Amino acid sequence: MSKLLDYLNALDTNAVLIDAHKNDPLKAAREFGLSPEEQSALAQQDKQRIAAFLDIPFRDFDAIDSLVGHFDAAVNQKTVSVSEVELVD
């Protein structure tokens with residue numbers, strides 16, 4: 001199972017992680033232990049890849065669509081280009 005689900009769930013309850021995510025979402029995701037592929041899926045807001053990591057059918061993604069919005073809000077509506085950031089293990 002992907003750590004992505006744990007990360008997204010923690011963003012609902014862990015104040016320290018929420019603050020870290022607001023300041024630098026990619027660093028927070030990396031330090032939480034997300035793989036470079038998971039970081040990339042979040043940064044690119046790739047709903048199909050996120051759904052695959054969460055092991056849910058893409059057709060059901062609308063039920064969790066707010067998760068991507070949560071990530072987007074944390075980067076102050078700035079589109080993150082994966083080529084601009086370093087994704088590491």
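Only a predicted model underlies this, so the values are computations on that prediction, with no experimental measurement involved. Positions are given from 1, in the same order as the sequence printed here. Any value given below was found using the heavy atoms of this structure, including those in side chains, with hydrogens, waters and symmetry copies removed.
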Output all residues satisfying side chain to side chain contact (heavy atoms under 4.5 Å, CB included) with Ala28, sequence neighbours left out; order by chain, then residue number.
Tyr7, Leu17, Ala20, His21
Restricting to side chain to side chain contact (heavy atoms under 4.5 Å, CB included), what partner residues turn up for Asn9, sequence neighbours left out?
Leu5
Leu34 vs Arg30, test: side chain to side chain contact (heavy atoms under 4.5 Å, CB included). Steps then yes/no.
CA-CA 5 Å; Leu34 297 188; Arg30 181 176 57 249; over 6 Å; no
Between Ala41 and Arg49, what is the shortest heavy-atom contact and its length?
N-NH2, 3.5 Å
Smallest separation among heavy atoms of Leu4 and Leu42, with atom names:
CD1-CD1, 3.6 Å
Say you draw a straight line from CG of Asn14 to CZ of Phe32; how long is it, rounded to the nearest 0.5 Å?
8.0 Å
Check: Lys3 main-chain N/O paired with Glu38 side-chain donor or acceptor under 3.5 Å
yes
